[in-house]
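Quick caveat, the model's predicted, so the values are computed rather than measured.
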Amino acid sequence: MKARIEFDRGKLVLHSDGPWQELTEYEFLHLFASCCDAGRALAMHKVYPPATDFTEVEFPPEPVIP
């Protein structure tokens, strides 16, 4: 898929491999569904925060994959 949104440690993360205007209808519907899933996860995170909340923890940067 070219674009998706996911929920990660209290943040919404956008992933995109190409220009938005080139999304097919199927890819757009997949993006919309991932937005709904991520939004639902964010709402649950706000109402029921995890017992161990890592949102304030500084993680080392992820290695860049060539």
Which value, rounded to the nearest 0.5 Å, describes the distance between H30 atom NE2 and C35 atom SG? 10.5 Å
Spatial distance of atom OH (Y26) from atom CG (L31) [nearest 0.5 Å]: 12.5 Å
Check which hydrophobic residues are tied to L29 through side-chain heavy-atom contacts below 4.5 Å, counting indirect links as well, and list them. F28
Co-membership, hydrophobic cluster, residues I5 and L42, 4.5 Å side-chain: yes
